[in-house]
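Quantities reported herein were computed from a predicted structural model and do not represent experimental measurements.
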Amino acid sequence: MFRPLLILMALASAAPVHAEAPLPDAEFAVRWIDGAYVSRHEALVAASERFAGAAGQFCARPDDAGLQATRSAWRGAMLAWRTMDGASGGPIVLERTGRMIDFRPTRTKDIEKRIASGAGVDPHNVSVRGLPAAEYLLYGDAQPKAQLARLKDPARCAYLQGSAGRALEDVHQLDAGWTLYEEQLQGEAEFFRKNLFSETIGLMLSGIEGAIRRLPRVEEAQPDAWPDWRSGLTRDAIGAQLDGFATAYFGPEAGVGLANFVAAQGHATVNAKVKAAYDNARAALAALPADQARSSEAQRAAVRSALSALKQAIAGDVAVALDVVLGFNDSDGD
């Protein structure tokens, strides 16, 4: 009776014990989120404010100089959003900010109907608002030279101004959320810190997959196969997403990024793999022509392959090193 029990106890004591996933302390969690996430949010707020201000000034006196300034400010806001979307987290998921300010495809026919009726931006219809709607108004269907005359229509320019203002409101909606998130990470309960890595790493993977999907997969792609076909922003947009990932993973400065925590757990080789994959993705993107219409399928395939390798380094090395169970799929975090 006792001998089998003793044998079972001995086997149990000899069995390998599965180590728990490393838990970040409150100091690291808050320093990381503040330095690598809130800093990007603040840059997005500033860029969105510049765009809203430029749109207002342009509509008060529409001329070519004002249009160029507004386009530049729009590009700044869109790239700041892409940087945030490259590795999002916290309140962005709860507020579904991507859906609010970057819903695609833009329903241009519905926008035109609202302009014609003088109804203005519909705050409840994400397909006729946000940064893509502003892109359509600023560039048309890849007809930038024709837009100044069209935007001299007060109703049309008011819709542009309304789209910029609505996007700014949606971005400011996150201000209190980031403050609350940092407070939760500092709380006595470990729930938020236990889920910090699984959520953020899952969203890093989602951001990279989003970059991959920006590249059409056919040789003779129609112009509207590109998500940024009106403004031609694709290469810069993917670069901004990589910027966002790099800020989150490597940190805006020494000791702030996730890489610092990974190295502290004894996985410096994992960081080296991620850095090599990141550098390869940057090199492949640099070889892509700025004019997206001139890119070949081979060039686009090279970028997709490099981004996929970066994604694999995160899922196959970083997540394993930190014993993270990934619960997000590629479509999460929009």
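Residues satisfying the side chain to side chain donor-acceptor pair (under 3.5 Å) criterion with Asp64, sequence neighbours excluded, are Gln68. With sequence neighbours excluded, the residues forming a side chain to side chain contact (heavy atoms under 4.5 Å, CB included) with Ser127 are Phe103, Arg107, Asn125, listed by chain and number. Qualifying side chain to side chain contact (heavy atoms under 4.5 Å, CB included) partners for Glu183, counting only residues two or more places apart in sequence or in other chains: Thr179, Leu180. Residues passing the side chain to side chain contact (heavy atoms under 4.5 Å, CB included) test with Asp102, sequence neighbours excluded: Met78, Trp81, Arg82, Arg104, Pro132.
With salt bridges taken as basic N to acidic carboxylate O contacts below 4.0 Å, none links Glu297 and Arg217. One finds no salt bridge joining Arg114 and Asp110 here, because no Lys/Arg side-chain nitrogen approaches an Asp/Glu carboxylate oxygen to under 4.0 Å. Salt bridge status for Arg235 with Asp228: absent, with no side-chain N to carboxylate O gap under 4.0 Å. Salt-bridge formation is detected for the pair Glu112/Arg150: a Lys NZ or Arg NE/NH1/NH2 atom is positioned less than 4.0 Å from an Asp or Glu carboxylate oxygen.
Between the side chain of Glu135 and the main chain of Ser231, a donor-acceptor pair closer than 3.5 Å is present. Formation of a donor-acceptor pair under 3.5 Å by the Arg40 side chain with backbone atoms of Ala36 is found in this model.
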Taking only distance into account, with no hydrogens and no angle test, what donor-acceptor pairs under 3.5 Å do side-chain atoms of residues 41-50 form with protein atoms, sequence neighbours excluded?
unit_1, atom_1, unit_2, atom_2, d
His41, NE2, Asp175, OD1, 2.7
Ser48, OG, Leu44, O, 2.8
Glu49, OE2, His172, NE2, 3.2

Side chains of residues 21-34: which donor-acceptor pairs under 3.5 Å do they make with residues two or more places apart or in other chains?
unit_1, atom_1, unit_2, atom_2, d
Asp25, OD1, Glu27, N, 3.3
Asp25, OD1, Phe28, N, 2.7
Arg31, NE, Gly255, O, 3.4
Trp32, NE1, Ala248, O, 2.8

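The distance from the OH atom of Tyr181 to the CG atom of Leu94 is 9.0 Å, given to the nearest 0.5 Å.
Counting all heavy atoms, side chain and backbone alike, Val121 lies closest to Arg129 at CG1-CB, 3.7 Å.
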Trp229/Tyr139 under ring pair (Phe, Tyr, Trp, His ring centres under 6.0 Å): CA gap, chis, key distance, verdict: CA-CA 10 Å; Trp229 67 284; Tyr139 293 91; over 10 Å; no
Quick one, Asp243 with Thr83, criterion side-chain hydrogen bond (donor to acceptor under 3.5 Å, both in side chains). Give me CA distance, side-chain angles, the key distance, then yes/no. CA-CA 6 Å; Asp243 287 343; Thr83 302; 5.0 Å; no
